[in-house]
Amino acid sequence: MSEVRTRFAPSPTGFMHVGNLRTALYAWLLARSEGGKFILRIEDTDQARYVANAVEVIYATLKSAGLDHDEGPDKDGGFGPYIQSERKGLYREYAEKLVNSGHAYYCFCDKCDEESDDEIHEASALCPCASLDSAEAAARVASGAAHVIRQRIDRSKVSSFTDAVFGEIQIENKVLDDQILLKQDNMPTYNFANVVDDHLMNITHVVRGSEYLSSTPKYNLLYEAFGWEIPTYVHLPLIMGKDAEGNVSKLSKRHGSVSFENLTAEGYLPEAIVNYIALLGWSPKSDREIFTLAELAEAFKISGLNKSPAVFDYGKLRWMNSEYIKSLSPEKFASAALPFAGVSGTVLESKWKKIAALLHNRTEIFTEIPEKIAFLLNQPEYDVELFNHKKSKSDPENTRQDLPELRDRLANLNDWDAENISGVLSGFAAEKEIKAGRPMWQVRIAVSGCAVTPGGPGEIMEILGKEESLKRIDQALKKLTA
RNA sequence: GUCUCCAUCGUCUAGAGGCCUAGGACACCGGGUUUUCAUCCCGGCAACACGGGUUCGACUCCCGUUGGAGAUGCCA
């Protein structure tokens, strides 16, 4: 058995859709789990869609996802070039072979225009050019007539193939169109370039989304026309999105962030994204959910692939992200979260390590950090009603009574740290024979103005500093006596 | 419209005829721990789309219905 070779063949669009990334992941996983090779090929046959730096985005994404390739534009493995626009001449050559063998023909029809779609489709399947005299057609091409090359499909037959995931699939050729192989601009269509390149690059397993399932017979007809061996197909279930109305369709922008870049910019960790999408359509057949890439490669099996579409669940991604965040070391968390915190250039910058420690297991995604710590920079407006807290028996009235003494005791505290501050508060409670929670709540509201804060009053005041803390308590007192 | 595929909790899934009074996870709801919140722990809610077969026995096999998705581009 020859070596397994899989490929990831993205089109340089400037962003990496998570569905695409998952395809890359499975192709990579398959190659790695079999000790094979993973090839990166850039499919830039659509010149109208050219986007600057798009290839860089692909490299960057693959790198941060941890999917290393063995061959690619930047890593020659002897099957290059790995960028389709650089292979342009090849496709025409192969397409003409097909014309000569009768498996394809020149077509001189006008380009379809979008408006009259339906009629044109009919026409393309029964293109009159299919029956043109071949010598005459060749002459027209030689004279420079604009043309495309279409695949000639024997519509009397039935095609069948076996997919590694979906099993046996049968399609009658009569529903297949004479698809275009080579465009008027001399560039191949995706379908054609794919077949040629996959063969030339010795790809053994074609891993792609199941949206290609019904066009696969066209590919196979091409392989057969060339006399090439058909690769193993591994069609993947689609990734769906659910909209506000509950309608499910292919995951797209309307469902939320769908590109790897957007997701990481939103504060999701690459590892969490990869782990999450690995489980969207594939199961390790165990209850385990957290996997490193290496562990995934070890556990991966085609038989674990699912057939039915999977809905992308941002909530679960969030949870997975929080799991990854919690597993970060305190230092790692602090440095990874810093860019999202918005503390640079503020008084909080020097205290970031302490703040980060409080944030660590309260963070699901990094983007929620700024709002969690906003009160540290500016005391928010709050209602005195906030001093009400049933469990600790705190209310505005007893707060107004307790706060002055609490303030004095805090003012007299020399070593201003969380532990000592808490000591003052609980000492006060002990003396007065009240619940410790009461002064804790009273003071926390006074200095934060928030019912929910990362950390308790001790930690908050340590970060705020003595001066600012006392100032906020004074303001609270003013509020309460007003 | 036509073709293809799919069908277990709201979501991701386990289940390859008896192990299923269907397991796990997210979400949700309770309870405990905690100075708030969170973490953590414990518990709960919740599904085999429907109808026929096959079989001693069907979530698992077959057929149909219904529902959903995808394809039908000189996009990939």
>> Let's see if you can work this out: which of rC74(B), rG23(B), rU36(B) has an atom nearest to the side-chain heavy atoms of Ile180(A)?
In response: rC74(B)

> CG of Leu280(A) versus P of rU13(B): gap in Å, rounded?
Replying inline: 6 Å

> Is the charged tip of Arg41(A) near the ring of Phe8(A): under 6.0 Å from the six-membered ring centre and within 45° of its axis?
Replying inline: no

> When you compare rC59(B) with rG23(B), how far apart are their C1' atoms, in angstrom units rounded to a whole number?
Replying inline: 13 Å

> In the strands shown, is rC45(B) matched to any nucleotide by a Watson-Crick or G-U wobble pair with both distances under 3.5 Å, and which?
Replying inline: none

>> Cation-pi check for Phe291(A) against Arg288(A): NZ or CZ below 6.0 Å from the six-membered ring centre and within 45 degrees of the axis, yes or no?
In response: yes

>> Let me spell it out: for each of Ser249(A) and Glu323(A), pick the nucleotide of RNA chain B with the closest heavy atom. Which residue's pick is nearer the 5' end?
In response: Glu323(A)

>> Suppose you measure atom P in rG10(B) against the same atom in rC28(B); what distance do you get, rounded to whole Å?
In response: 16 Å

>> Quiz question: going by heavy-atom distance under 3.5 Å, is there a donor-acceptor pair between the base of rU13(B) and the side chain of Lys316(A)?
In response: no

>> Between rG67(B) and rA49(B), how far apart are the two C1' atoms, rounded to whole Å?
In response: 8 Å

> Looking at Leu29(A), Val165(A), Ile277(A), Leu296(A), which hits side chain to side chain contact (heavy atoms under 4.5 Å, CB included) with Trp282(A)?
Replying inline: Leu296(A)

> Closest to the Lys242(A) side chain: rC12(B), rG10(B), rA27(B)?
Replying inline: rG10(B)

>> Checking contacts here: which listed nucleotide (rG70(B), rA27(B), rU36(B)) is nearest the side-chain heavy atoms of Lys391(A)?
In response: rU36(B)

>> Give me the distance, rounded to whole Å, that separates rC56(B) from rC50(B) when you measure between the P atoms they each carry.
In response: 24 Å

> Over how many whole Å does the gap from Arg438(A) atom CZ to rU34(B) atom C1' extend?
Replying inline: 20 Å

> Closest nucleotide of RNA chain B for Asn247(A) versus for Cys107(A): which of these residues is on the 5' side?
Replying inline: Asn247(A)

> Lys183(A) side chain N/O closer than 4.0 Å to the phosphate oxygens (OP1, OP2) of rC75(B)?
Replying inline: yes

>> Using Watson-Crick or G-U wobble geometry with both distances under 3.5 Å, which nucleotide pairs with rG18(B)?
In response: rC56(B)

> What integer distance in Å separates Leu386(A):CG from rU35(B):C1'?
Replying inline: 16 Å

> Between rC19(B) and rC3(B), how far is it from one P atom to the other, in whole Å?
Replying inline: 40 Å

> Tell me: CZ of Phe312(A) to P of rA25(B), nearest whole Å?
Replying inline: 21 Å

> Of all the choices, rG24(B), rC26(B), rC6(B), which nucleotide is nearest to the side chain of Pro309(A) once you look at every atom?
Replying inline: rC6(B)

> Would you say rA71(B) has OP1 or OP2 under 4.0 Å from some side-chain N or O of Lys250(A)?
Replying inline: yes

> Can you tell me how far P in rA27(B) sits from the matching atom in rA22(B), rounded to whole Å?
Replying inline: 23 Å

>> Distance check, C1' atoms only: rC9(B) and rA47(B), in whole angstrom units.
In response: 4 Å

> Are Tyr82(A) and Asp197(A) close enough that a side-chain donor and a side-chain acceptor fall under 3.5 Å?
Replying inline: no

> If you check the Asn306(A) side chain, which of rC40(B), rC75(B), rU13(B) turns out closest?
Replying inline: rU13(B)

> Which nucleotide in the set rG10(B), rA76(B), rA25(B) lies at the smallest distance from any side-chain heavy atom of Thr45(A)?
Replying inline: rA76(B)

>> Checking side-chain polar atoms at under 3.5 Å, does Gln442(A) have a donor or acceptor matched by the opposite partner on Asn398(A)?
In response: yes

> Are any of Thr189(A)'s side-chain N or O atoms less than 4.0 Å away from OP1 or OP2 of rG73(B)?
Replying inline: no

> Does NZ or CZ of Lys242(A) lie under 6.0 Å from the centre of the six-membered ring of Phe312(A), at an angle within 45° of the ring axis?
Replying inline: no

>> Among Asn20(A), Thr23(A), Thr216(A), Asn194(A), which residue satisfies the side-chain hydrogen bond (donor to acceptor under 3.5 Å, both in side chains) criterion with Arg208(A)?
In response: Thr216(A)

> When you measure from the side chain of Glu459(A), which nucleotide among rA71(B), rU35(B), rC5(B) comes out closest?
Replying inline: rU35(B)

> Quick one: the side chain of Tyr212(A) and the base of rA76(B), do they pair up donor-acceptor inside 3.5 Å?
Replying inline: yes

>> Under a 3.5 Å cut-off for both contacts, is rU4(B) paired Watson-Crick or G-U wobble with anything, and if yes, with which nucleotide?
In response: rA69(B)

> Would you say Asn191(A) reaches rG73(B)'s phosphate, i.e. side-chain N/O to OP1/OP2 under 4.0 Å?
Replying inline: no

> Is Lys285(A) near enough to rG15(B) that one of its side-chain N or O atoms lies under 4.0 angstrom from OP1 or OP2?
Replying inline: yes

> Starting at CG of Leu238(A) and ending at P of rA71(B), how long is that distance when rounded to a whole Å?
Replying inline: 7 Å

> Given atom NE2 of His235(A) and atom P of rA76(B), what is their separation to the nearest angstrom?
Replying inline: 17 Å

> What is the distance from CZ of Phe387(A) to C1' of rU35(B), rounded to the nearest Å?
Replying inline: 15 Å

>> I'd like the P distance from rC37(B) over to rU21(B), given in whole Å.
In response: 41 Å

>> Could you tell me how far apart Leu406(A) (CG) and rU35(B) (P) are, to the nearest whole angstrom?
In response: 17 Å

> Of the nucleotides rA76(B), rC3(B), rU11(B), which has the atom closest to the Val175(A) side chain?
Replying inline: rC3(B)

> Counting side-chain heavy atoms from C-beta on, which of rA27(B), rU36(B), rC74(B) comes nearest to Gln184(A)?
Replying inline: rC74(B)

> So which nucleotide does rC50(B) pair with, by the Watson-Crick or G-U wobble rule with both distances under 3.5 Å?
Replying inline: rG64(B)

>> For the residue pair Thr61(A) / Glu261(A), report whether a side-chain donor-acceptor contact shorter than 3.5 Å exists.
In response: yes

